[in-house]
Amino acid sequence: MTLKSSKEVEKNRYELVIEFDAETFMAAVDKVFKRESKKITLPGFRKGKAPKRLIEKEYGEGVFYEDAIKDLYPQAVADAAKEAGIKLVRDAIDLDVEKADKTGLILNVKVTVEPEVNIQNYKGIEYTPVSLEVTDEDINKEIDSVRNRNSRLVTVEDRPAENGDITVIDFKGLLDGVPFDGGTSENYSLTLGSGAFIPGFEDQVVGHSTGEEFTIDVTFPEDYQAEELKGKAVQFEIKLHEIKKRELPEFDDEFVKDVSEVDTVDEYKAQVKADLEEKRKEEADGKKENDIAEKLIELLEADVPEAMVRNQCDAMIDEFAMNIRAQGIDLDTYFKYTGLTEDKLRETYHDRAEGQVKLRLALRKIAKLENMKASEEDIENKYNEMAEKYNVEVDRIKNVISPDDIAGDIESERAMNFVKENAVEKAAE
């Protein structure tokens, strides 16, 4: 492979002319013939046994050229880009074949490249600190949460329903006296005060007792998802079957022994405090990193190609699809039931994807400015770490993620740590 020429044809867009000599191109053609001829049958020959010259005579001299070009060009484009000193944006390549015959192959390839990047003033970025103090109120709130998770439901028979109670109800929604779709249910468990139903519904169940049948009047919000119910006044016929409340366990040494590995209330409170302090530190570090990331995006000077944002959107959609598949739902089914489309999802992700691309460019530029280049040993250690984390063979990771991507991640992480270490707390106003 020879890179005949490389030139910028527009912003972040390069044209590469790549040439293969006859020997290289014909070797690729022969390789395709050996692979594909097994599928071809000609009269007088068993399947897969027809000579190459007769197949070419029957289907044309270039019958194997297209597949040979597909085999050759990805690595050739990567090598040519490296020689030209440009960094390609994946999936943003336009290929034109200038010549393909027994004398050789010439490809004209237009590629999108990562932009020139500049960033200054990344040392001394200000961030808003978060208080790490854990109060007695915080500790008691966490303890109440644990007690609530370990509570039991008991039936209430001696009073009307109150906020916080769990009621079991039948309801039928009527619009102008006619039941509407989705407005009817039986034996529905509704926690009063949860805000699960439209405003006014739960408030009007409060005060009623087990066995009562009654009607309430509510109005659907103007922004309600069902077009036919937006802003409409409706009635609900309700029958209250049961009222339940949560009975919390006593907070004593016996409870502590049941829910933890300590024996006393005082020990448990100390443990809760330590856990909350650790959580606050993590939250504070996350807030600091987010503040810094936003500032780095502002400081970045670069004309980011839309192809980079599109690729990041693709990655985010793939991750989203993987997450919902884990819940037993494929993406097409999700779109069907939510009314979303891939275009709408892409639009939702666009700004966040653009921010992630800009942050990555900023961090890699800082890593370069601060000489944070990842060594081969660093890259190999990262591969081993990932293999151990995901319990797969190292070679499988290497087949999926390139050394350049691994190096970029290592360098970005170092750059972020460097910027965080050099950041300063914003003075209180």
Side-chain angles (χ1 to χ4, degrees), residues 1-10 12-42 44-115 305 307-308 310-311 314 374 376 379-380 383 393-408:
M1 184 279 294
T2 303
L3 176 61
K4 290 186 66 178
S5 66
S6 167
K7 64 179 180 180
E8 187 174 21
V9 290
E10 56 185 279
N12 299 322
R13 194 78 171 155
Y14 269 72
E15 180 184 79
L16 307 175
V17 179
I18 303 169
E19 184 174 19
F20 297 85
D21 59 31
E23 182 180 356
T24 302
F25 184 43
M26 287 300 105
V29 171
D30 286 340
K31 185 176 179 181
V32 172
F33 160 69
K34 290 174 183 176
R35 185 175 72 222
E36 299 297 322
S37 63
K38 299 171 185 177
K39 309 171 188 175
I40 298 174
T41 302
L42 287 183
F45 295 93
R46 296 195 312 276
K47 187 175 182 179
K49 297 300 181 181
K52 179 168 174 279
R53 60 182 178 78
L54 292 182
I55 296 174
E56 290 177 335
K57 184 177 180 180
E58 177 71 19
Y59 295 103
E61 183 179 88
V63 62
F64 299 118
Y65 286 4
E66 183 177 349
D67 285 341
I69 292 168
K70 287 180 180 177
D71 288 348
L72 286 172
Y73 98 86
Q75 188 59 51
V77 171
D79 292 342
K82 189 172 183 180
E83 184 177 336
I86 56 178
K87 192 164 184 179
L88 302 181
V89 175
R90 291 193 320 272
D91 303 323
I93 299 171
D94 295 326
L95 175 66
D96 182 44
V97 180
E98 282 192 11
K99 184 184 84 167
D101 56 34
K102 290 184 177 180
T103 66
L105 172 68
I106 298 178
L107 302 178
N108 185 304
V109 186
K110 289 186 175 63
V111 298
T112 299
V113 301
E114 292 194 5
M308 294 186 75
R310 185 174 62 248
N311 286 346
D314 288 342
E376 290 185 8
I379 295 169
E380 193 64 29
Y383 273 130
E393 296 293 327
V394 172
D395 288 343
R396 286 185 61 187
I397 301 289
K398 290 182 176 180
N399 287 336
V400 175
I401 307 176
S402 73
D404 285 346
D405 286 341
I406 292 288

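No experiment lies behind these values; they were computed from the predicted model shown.
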Answer with yes or no whether the side chains of Asp404 and Ser402 bring together a donor and an acceptor at under 3.5 Å.
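Absent: no donor and acceptor within the cut-off.
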Of all residues at least two apart in sequence or in a different chain, which pass the ring-ring contact (aromatic ring centres under 6.0 Å, His included) check with Tyr65?
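Only Phe25 meet the ring-ring contact (aromatic ring centres under 6.0 Å, His included) criterion with Tyr65.
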Would you call [X] and [Y] a side-chain contact if the rule is heavy atoms closer than 4.5 Å?
X: Asn12; Y: Met308; result: no
X: Tyr73; Y: Leu107; result: yes
X: Thr24; Y: Met1; result: no

Minimal non-hydrogen separation, [X] against [Y], with atom names:
X: Ile379; Y: Pro403; answer: CD1-O, 4.0 Å
X: Ala80; Y: Leu16; answer: CB-CD1, 4.1 Å
X: Thr112; Y: Arg13; answer: OG1-NH1, 2.6 Å
X: Glu15; Y: Lys110; answer: OE2-NZ, 3.3 Å

Which residues share a side-chain contact (heavy atoms from CB on, under 4.5 Å) with Lys398, sequence neighbours left out:
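Per chain and number, Lys398 pairs via side-chain contact (heavy atoms from CB on, under 4.5 Å) with Glu380, Tyr383, Val394, Asp395.
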With side chain to side chain contact (heavy atoms under 4.5 Å, CB included) as the test, would you mind laying out the steps for Ile69 and Leu95 before giving the verdict?
CA-CA 10 Å; Ile69 292 168; Leu95 175 66; 4.1 Å; yes
Can you check side chain to side chain contact (heavy atoms under 4.5 Å, CB included) on Lys52 and Asp30, steps first, answer last?
CA-CA 9 Å; Lys52 179 168 174 279; Asp30 286 340; 3.2 Å; yes
